[in-house]
Amino acid sequence: MSRTIIVSNRLPTKVQRNAEGLTFQPSEGGLATGLGSIYRADGNVWVGWPGLFVDDPAEQAEVTERLKSDSMAPVFLTEAEIRDYYEGFSNSTLWPTFHYFSQFATYEDAHWAAYVAANQKFCEAVLALTGPEDTIWVQDYQLLLLPEMLRKARPNATIGFFLHIPFPSFELLRVLPWGNELLRGMLGADLIGFHTYGYMRHFLSAVTRMLGLPTQNGQIETPTRTVLVDAFPMGIDYERYAETAASEAALAHERTYREALRDVRVVLSIDRLDYTKGIAQRLRAFEQLLINHDEWCGKVSLLMVVVPSRDQVAQYASLKEEIDELVGRINARHGSISWNPIHYFYRSFPFDELVSLYRLADVALVTPVRDGMNLVAKEYIACKTDQRGVLILSERAGAAVELTDALLINPTNTNQLVEALHEALVMPEEEQTTRMSNLQALVQQYNVFAWTQLFMDRLAYSKIKQHTLSTDALDDEARAQLLREFQTATQRLLLLDYDGTLASFYANPQHARPDAELLQLLSALCDNPQNQVIIISGRDRGTLEKWLGHLPLHFIAEHGVWLRRAGEEWSLFQELRAGWKREMRPLLDQYVRRTTGSFIEEKDYSLVWHYRRVDAELGAMRARELMNHLTFMTSNTDLQVMEGNKVIEIKTAGINKGTAAARWLATEHADFILAIGDDRTDEDTFAAMPASAYTLKVGGTPRSLARYAIDSPKEVRQLLRNLQEVQAQIGQE
Ligand SMILES: O=P(O)(O)OC[C@H]1O[C@H](O[C@H]2O[C@H](CO)[C@@H](O)[C@H](O)[C@H]2O)[C@H](O)[C@@H](O)[C@@H]1O
Ligand SMILES: O=c1ccn([C@@H]2O[C@H](COP(=O)(O)OP(=O)(O)O)[C@@H](O)[C@H]2O)c(=O)[nH]1
């Protein structure tokens, strides 16, 4: 049976130790409360840390047993792991960086090492529980490396990843010494989800700029798979909140609070203690309200719940002190015997009391300076069963993208915040109801069940897409078969592309010269009269001749324009005209002037604009622009514009590697054919090959006509070595 294994740093149940022993409570924090509603279905399991250091084996067994009965499997972290992986790399490096608080970030190699090791520990725990059919859904920034680790162990597994916090601009990410590793870790997943399109855009940009991978329409082409990226704003279990809010117990709690507060209006704020939540700014704004609009003195109180969190991290401890001081100062300055401006609770509340607080509040004040989503805002909406109440929401919370009927504010603009508070307190009931019912319709529809369903559907779709488009890897069995057929054949044809196939891709194309080993391998292969080795390349004939011309190789140059049989002169496959280059050249020159790092390559019968050294996003943008321009200019001509890997080439239509290869095959017999290539232009070669040929796509990206995929030029080199070995064996027999 296929199950879903959820993996997150923190389990939805936290274990605590008191005088009587261990206690089990629901965890706070949006991830645990949001996903907590869904994981129990269908034998699913949630793997994570129970939130406490437990080293006694008897206690570990007790915790494991107890959590197992509730579909959870604990990963026990040691004290050192909690310090270096959780408080260290996760919450002192990643959390501040991803929330644009780089000034708080530390960069410790020891923390990074602990992060890698802890991700490995989670990986082992997941693998021990998971079968090949199961879907693995990894959650959040503490486990960015886990998807790749799981992928290495289970290449075909279905793996989803969701990031609950913002994904920052690449400028922030590249400050981290480990940015590339983190991105690669995430790319082990088949689907990567974010709360908003903004976070997703930042991620795609970072992948393009830092890893140089092509991305289009939310798809990333890695060397081995297509990875989908999408925005899935997380919701809450709406009915649970709405039903509890309508319950007798919640009403009773609300009555008790109301009696104590009498007719004072209530502004509510609820957060974990965190510098991202804008708690101190909010307190200052509330004080400013009492100064600017002193009619509210004695008539409104801020009820502020701060849930203890990460208090071993220095920034959190000092924030706690700052809040304590501010609350003390404001209450001392503005309070009276009968009225407290701020009711401050530094603890968590049980679920039904929390719901009563939401019911009670006239205004919810949610003012993070950065927040991945913020579920408190959504919970407040779900609990307003009478549709009264106003939500003031920071435009920098992910939730603001959806909750546009809230009063949206910039949390650092104190005046705006003060006026929003005043506006909320005097808002006519009719407007409150209109706004609240719009918000409720939205939060009810996009609830956490819809969120999960959507994510899972897209994850399944990403797998189907990979299967329909992808080319099988050249596994050991296929490789052995290829070598056997090579061995028994009498006339062999090898069609080898050069750049990206025999040599790696270089920023400067002139650096792709063949090395001694490649020359030796090619020489050995073409020394055998039963082999015909053709270098089939887009390169100009001069370069091919200079680099490889001393070997008895055949050449097809300029994407099928020129042919040189071993030991003969260059000849054209057909007569071509080159006069058009004069007309086109000025346009390409203009793109070079506008685009630093780009350059033109002029061949006998084609012109190429290269942009491999251009800023990745700018290059892609200019390439689209140039393509449009050239498509227009070449319509009704015999020219063709072709896009390759960071190149745009203008050439005569109908002349390509495929037409050249087909002409060769029409005159030469071969009972073994191997064609290897890496880019779009090699697809023409593959298309021209008979079904029995071995066609190999280097880089393994999907959408190839090739029969097999092979990872890199390094792997191609290995295959050539294998061929040489087989040939040597034949020679000895
Ligand atoms: O596990 P902790 O270190 O105690 O922290 C609690 C959780 O905080 C973060 O929550 C985020 O997820 C919410 C739901 O998607 C989102 O609304 C909020 O904006 C985020 O900050 C953190 O991402 C979780 O991993 C923590 O468990
Ligand atoms: O005493 C409390 C106060 C808050 N919460 C929950 O903590 C979560 C906070 O999630 P949010 O997305 O707002 O922010 P995060 O803390 O995850 O950054 C919400 O579901 C709250 O209901 C809780 O369980 N107990």
Side-chain angles (χ1 to χ4, degrees), residues 6-14 25-37 46 48-52 77 82 85-88 90-92 94-95 98-99 138-144 162-167 193-196 199 232-238 240-241 244 268-279 303-313 316 345-358 364 366-383 393-394 396-403 448 451-452 455:
I6 297 176
V7 201
S8 69
N9 172 62
R10 187 180 285 284
L11 283 173
T13 293
K14 72 176 175 197
Q25 309 288 339
S27 301
E28 297 88 16
L31 192 158
T33 57
L35 268 168
S37 297
W46 190 324
W49 175 51
L52 179 77
L77 298 179
I82 293 169
Y85 144 75
Y86 171 68
E87 290 158 3
S90 299
N91 288 320
S92 301
L94 291 178
W95 181 271
F98 279 43
H99 285 86
V138 180
Q139 311 287 330
D140 230 355
Y141 63 99
Q142 302 91 344
L143 300 174
L144 294 177
F162 191 84
L163 187 75
H164 290 261
I165 64 173
F167 195 93
F194 299 90
H195 282 307
T196 71
Y199 307 156
F232 304 88
M234 187 181 184
I236 59 165
D237 183 350
Y238 186 91
R240 179 166 177 246
Y241 282 89
T244 310
L268 176 70
S269 82
I270 299 181
D271 324 81
R272 274 181 312 99
L273 177 76
D274 206 302
Y275 49 82
T276 60
K277 300 286 185 184
I279 302 173
L303 208 154
M304 189 168 84
V305 177
V306 177
V307 180
S309 177
R310 309 174 192 167
D311 44 18
Q312 296 308 308
V313 179
Y316 289 71
F345 304 91
Y346 181 61
R347 61 183 165 88
S348 63
F349 278 71
F351 179 68
D352 55 344
E353 287 183 40
L354 206 61
V355 168
S356 311
L357 291 177
Y358 287 137
V366 182
T367 62
V369 280
R370 293 279 170 190
D371 211 337
M373 170 52 70
N374 196 291
L375 296 182
V376 163
K378 295 188 173 182
E379 292 166 8
Y380 174 66
I381 292 165
C383 292
L393 178 62
S394 163
R396 288 194 237 140
V401 176
E402 301 162 88
L403 305 182
V448 73
W451 177 76
T452 313
F455 188 92

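Atoms within a ligand are numbered from 1 in the order they appear, just like the ligands themselves. Since this is a predicted model, take the numbers as computed values, not measurements.
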Run down the list Glu28, Gln142, His164, Arg370 and name the one with the heavy atom closest to atom 20 (C) of ligand 1.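 Residue with the shortest heavy-atom distance to the ligand atom: His164.
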Counting heavy atoms only, which of Lys14, Arg10, Arg310, Lys277 comes nearest to atom 26 (C) of ligand 1? Arg310
Please report the closest heavy-atom contact between Arg347 and Val305, naming both atoms and the distance. O-CG1, 3.5 Å
Quick one: look up the protein heavy atom nearest [atom] and list residue, atom name and how far away it is.
atom                    : value
atom 10 (O) of ligand 1 : Gly30 N, 4.2 Å
atom 3 (O) of ligand 1  : Tyr86 OH, 2.5 Å
atom 19 (O) of ligand 1 : Asp371 OD1, 2.4 Å
atom 24 (C) of ligand 1 : Asp140 OD2, 3.2 Å
atom 17 (O) of ligand 1 : Asn374 N, 2.9 Å

Can you name the residues that form a salt bridge (charged side-chain N to carboxylate O under 4.0 Å, His left out) with Arg272, not counting sequence neighbours? Asp274
Excluding sequence neighbours, so at least two apart, what forms salt bridge (charged side-chain N to carboxylate O under 4.0 Å, His left out) with Asp237?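 Expected list: none.
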Decide side chain to side chain donor-acceptor pair (under 3.5 Å) for Asn91 and Tyr85; before the verdict, give the C-alpha distance in whole Å, the side-chain angles of both, and the deciding distance to 0.1 Å. CA-CA 8 Å; Asn91 288 320; Tyr85 144 75; over 6 Å; no
Is the backbone N or O of [Y] less than 3.5 Å from a side-chain atom of [X], with the two atoms forming a donor-acceptor pair by type?
X      : Y      : answer
Trp49  : Leu11  : no
Ser348 : Val307 : no
Asp140 : His164 : yes

Does some non-hydrogen atom of [X] fall short of 4.0 Å from ligand 1?
X      : value
Leu375 : yes
Phe162 : no
Trp95  : yes

Just the distances, no angles: every ligand 2 N or O to protein N or O pair closer than 3.5 Å, one line each.
{"residue": "ligand 2", "atom": "1 (O)", "partner": "Phe349", "partner atom": "N", "Å": "2.6"}
{"residue": "ligand 2", "atom": "7 (O)", "partner": "Gly29", "partner atom": "N", "Å": "3.2"}
{"residue": "ligand 2", "atom": "10 (O)", "partner": "Gly30", "partner atom": "N", "Å": "2.9"}
{"residue": "ligand 2", "atom": "12 (O)", "partner": "Leu375", "partner atom": "N", "Å": "2.9"}
{"residue": "ligand 2", "atom": "13 (O)", "partner": "Leu375", "partner atom": "N", "Å": "3.1"}
{"residue": "ligand 2", "atom": "13 (O)", "partner": "Val376", "partner atom": "N", "Å": "3.2"}
{"residue": "ligand 2", "atom": "14 (O)", "partner": "Lys277", "partner atom": "NZ", "Å": "3.0"}
{"residue": "ligand 2", "atom": "16 (O)", "partner": "Arg272", "partner atom": "NE", "Å": "2.6"}
{"residue": "ligand 2", "atom": "17 (O)", "partner": "Gly30", "partner atom": "N", "Å": "2.5"}
{"residue": "ligand 2", "atom": "18 (O)", "partner": "Arg272", "partner atom": "NH2", "Å": "2.9"}
{"residue": "ligand 2", "atom": "18 (O)", "partner": "Lys277", "partner atom": "NZ", "Å": "2.9"}
{"residue": "ligand 2", "atom": "20 (O)", "partner": "Thr33", "partner atom": "OG1", "Å": "2.6"}
{"residue": "ligand 2", "atom": "20 (O)", "partner": "Glu379", "partner atom": "OE2", "Å": "2.5"}
{"residue": "ligand 2", "atom": "22 (O)", "partner": "Glu379", "partner atom": "OE1", "Å": "2.6"}
{"residue": "ligand 2", "atom": "22 (O)", "partner": "Glu379", "partner atom": "OE2", "Å": "3.2"}

Does the cation-pi check pass for Arg370 over Tyr275, that is, NZ or CZ under 6.0 Å from the six-membered ring centre and within 45° of its axis?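 Not satisfied by the 6.0 Å and 45° rule.
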Does NZ or CZ of Arg10 lie under 6.0 Å from the centre of the six-membered ring of Trp46, at an angle within 45° of the ring axis?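 No.
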Heavy-atom distances under 4.0 Å decide this one: backbone, side chain, both or neither, for His195 against ligand 1?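 For His195, the contact with ligand 1 is made by the side chain alone.
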Examine the proximity of ligand 1 to Leu31 and report which part, side chain or backbone, both or neither, has a heavy atom under 4.0 Å away. both
Is it true that Lys277 and Asp371 make a salt bridge, defined as a side-chain N closer than 4.0 Å to a carboxylate O? yes
Ile165 versus ligand 1: do any nitrogen or oxygen atoms come within less than 3.5 Å of each other?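 Looking only at distances, the answer is no, because the N/O contact criterion of under 3.5 Å is not met.
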Got an N/O contact under 3.5 Å between Gly372 and ligand 1? yes
Measure centre to centre between the rings of Phe232 and Phe194, then say whether the value is under 6.0 Å.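 So the answer is no for these two rings.
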Let me know which of Ile236, Ile381, Leu354 forms a side-chain contact (heavy atoms from CB on, under 4.5 Å) with Tyr241.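 The single option meeting the side-chain contact (heavy atoms from CB on, under 4.5 Å) with Tyr241 is Ile236.
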Going by the rule side-chain hydrogen bond (donor to acceptor under 3.5 Å, both in side chains), which residues pair with Tyr358 if we only count those two or more places apart in sequence or in a different chain? Glu379
Ligand-side contact atoms (ligand 1) for residue partner Tyr141, heavy atom cut-off under 4.0 Å: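 Close to Tyr141: 22 (C), 23 (O), 25 (O).
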